[in-house]
Amino acid sequence: MAFINKSAKEIQVKVVYYGPGRCGKTTNLLYVNQKMNAKFMGKMISIDTRGDKTLFFDFLPLQLGKIRGFNIRVQLYTVPGQVLYNESRKMVLKGVDGVVFVADSMEVQREANKESLQNLRDNLGEDNLDLDELPLVIQLNKRDLEGSVIPVLDAETMAHDMFGMLKEPVPLIPASALQGPGVFETLREISKITIKSVHYKLRK
Amino acid sequence: MAGEQLGVKDIFEGAEKVEILGKLPIIMWTYLDTLRSALKELQTNPDDCAQAVEHLQSLLSVMKSAAMFLANTQLQDRIDEHDSLLTALVDGQTSPNQFVNTVGGLIPELERLAGPRPESMGDRSLTNGFIKKAIRKVEHIKRGRSGDIVVSADILQDIRAFLITAVMMEGISSIMVIDNAGTLIAHVGDKVELDAVSLAAVAAANFAATEKIARLIGEQDFVLLFYKGHNESFHFSRIGKGYIIVTIFNNSLSLGLLRLRIAEGVQELEKRLPTLED
C-alpha cells in the first residue's frame, strides 16, 4: 500500500526482506546502512534478541531521489526468519509494496528456502495479496562461500527451485550481504520495479 | 548451559548450524592466521604461547564439529592432525621447534581446503580482539543460543505451582512466563482456545518494540505495559532481565490489585528462574 502525498510530492513505498532464518536479511540492511550517504537515510531500528536474531523487524528509511517531480522514499523492513515468529512476520508484511526474497545458497538450507517462499505466499494470501502479482526480487545470498569448504548450491539449481514455485521468473541477483556485492544491485532492482508498479497502479 | 560439553550432534540440531557453517571459512582462516602468528612466537618466545594455544584449540574443536557435520573426511583428517600435534605440544611430548617444523608443512593443505580467504576479514584477523570475538562467537553458537536457557522439570513444576497458588486469582484467565526471545516457559490458566506459543512470540516482539519506543524518547523502558480490551485485558511485566510475565485478565479485576499481585510474584519468580548469561 504505497503512500502518495500529492501536496508534498512524495511517494513512500514499503519493501520487505523475507527469507529463512539466518539467511542474511538484517546483514543486507546493515550493509546499506553502513555504505549509504547518511544524508539520504534515516535511523536504522533493529528489534532483536540478546543474540543477533531479529525478533520483530529491522527498519531503515531511505530517500532515493526524484521521479517525475516526486520524492521517492523507500522503507526497508526485514522479518524474523525463524519459524516460531510467523505471527510477527505477518504483521511486518502488512501493506507491503515489494519483496526481496533472500535465499540462502548453502546446500543445507535448500529446503528451508522453499519452505520460506511458500510461507511468504501463504502469509501474503491471508492479506489478500498474490505473490505472483507483487514486485519480487530474489537474492541468492552467501555467494562468497562458493569455492570454500562449505557446499553451495549453484545458481541454476536455486533458480529452478524458486521459479518452480512462481508463475513467472523474477530478477535473480547473486550477492554477498556480508561483503557487499549484490546488495545495492538488489536494492536498485526492487526499488525500480516497486516504483514502476506503484506508478502503474496510480495511472489506473 | 555454559561449561557443559555438548556433542557434535547437539550443536548442529538447532538453527545455529546455518550460522556456524556460514562462518566456517572465517573460522578456518582465523585459525590459520592465529597459527601462523603462534608459530612465529614459538620460535622467539616459546614460554608465552599458552593463550594462543588455547585459542587454537577452541577454534579447532568447532572446525572439527563442522567437518563431521559436513561428513568431509578429508577436512576431518587434517583437523585431527592439527589437533594431535597441538595436544602433543601442550603435553610437552613435542618440542616447540619440532611443532613449528611439522605444523608449518601442514598449513598450505588446510588453506586449500578452506578455500579463498574471505575479503571481509582484511588484516583484522591477527588482532587479539578479532580472535577473541571469533572465539566468543563460536562458544556462543556451540552452547546454542536458542538453548541458552535450561529449565529443569523441577524448576518448571515449581514455577507452575507458584503461579497457580500465589499469582492466579479470580478474574485472571491466563498467566504466561516467556523469555525475551518469545519462548514459552510456563503457561497456566483456563483459556483453552489460546494459541499460547504464537501469543508468546508476538508478546515478546511487542515488548521489545515498546522498549525501542521508550529508548527513542529517552527512557530505558516503560514501567507499566497494559492493554485494555473490551472484555479482557493484557498486562506485561519484566522479570529480571531475561523474562517477561504476561497476564490476561477480565475487566472485573481492578488493575491496581493485579499490579500489586504481579509485582509480588515477579520478585519471587526472579529467584526461581534460572539466571541468564550475557
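Just so it is clear, the values below take in all heavy atoms, side chains as well, and ignore hydrogens, waters and symmetry mates. We name chains A, B, ... by the order of the sequence lines, and we start the count at 1 in each one. All values derive from a computational prediction rather than experimental measurement.
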Any chance you could measure [X], atom [atom1], to [Y], atom [atom2], to the nearest 0.5 Å?
X	Y	atom1	atom2	result
B:Ile26	A:Leu178	CD1	CG	5.5 Å
A:Phe57	B:Lys212	CZ	NZ	9.5 Å
A:Ile47	B:Ile213	CD1	CD1	8.0 Å
B:Leu24	A:Met106	CG	CE	10.0 Å

Counting only heavy atoms closer than 4.5 Å, note whether B:Leu199 contacts chain A via side chain, backbone, both or neither.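 No part of it gets close to chain A.
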Can you tell me which portion of B:Ala209 sits under 4.5 Å from chain A's heavy atoms? Options are side chain, backbone, both or neither.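 Answer is both: backbone and side chain atoms of B:Ala209 are under 4.5 Å from chain A.
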Leading residue by heavy atom contact count with chain A [cutoff under 4.5 Å; candidates B:Leu75, B:Asn72, B:Val202]: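 Highest number of pairs under 4.5 Å: B:Val202.
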[X] versus [Y], closest heavy-atom pair with distance:
X	Y	value
B:Ala205	A:Ser88	CB-OG, 3.8 Å
A:Val149	B:Leu113	CB-O, 3.3 Å
B:Ala181	A:Leu55	O-CD1, 3.6 Å

Whether over 12 other heavy atoms sit under 6.0 Å from A:Lys192 NZ: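 No, because the 6.0 Å sphere around NZ of A:Lys192 holds 12 heavy atoms or fewer from other groups.
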Is there a side-chain contact between A:Leu145 and B:Pro25 in this structure, where contact means two heavy atoms from C-beta onward sitting under 4.5 Å apart?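 With C-beta onward as the side chain, the pair touches.
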Under the rule for salt bridge (Lys or Arg N to Asp or Glu O under 4.0 Å), what residues qualify as partners of A:Asp161, not counting sequence neighbours?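 Only A:Arg110 meet the salt bridge (Lys or Arg N to Asp or Glu O under 4.0 Å) criterion with A:Asp161.
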Taking side chain as everything from C-beta outward and backbone as N, CA, C, O, which of these in [X] sits under 4.5 Å from a heavy atom of chain B? Side chain, backbone, both or neither.
X	value
A:Ser105	neither
A:Leu84	both
A:Asn86	neither

Shorter than 4.5 Å, heavy atoms on both sides: which option in A:Glu107, A:Gln109, A:Lys142 has the most such pairs with chain B?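 Looking at each of A:Glu107, A:Gln109, A:Lys142 in turn, A:Gln109 comes out on top.
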Interface residues of residues 7-19 of chain A facing chain B - non-hydrogen atoms under 4.5 Å apart: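 Not one residue of residues 7-19 of chain A has a heavy atom under 4.5 Å from chain B.
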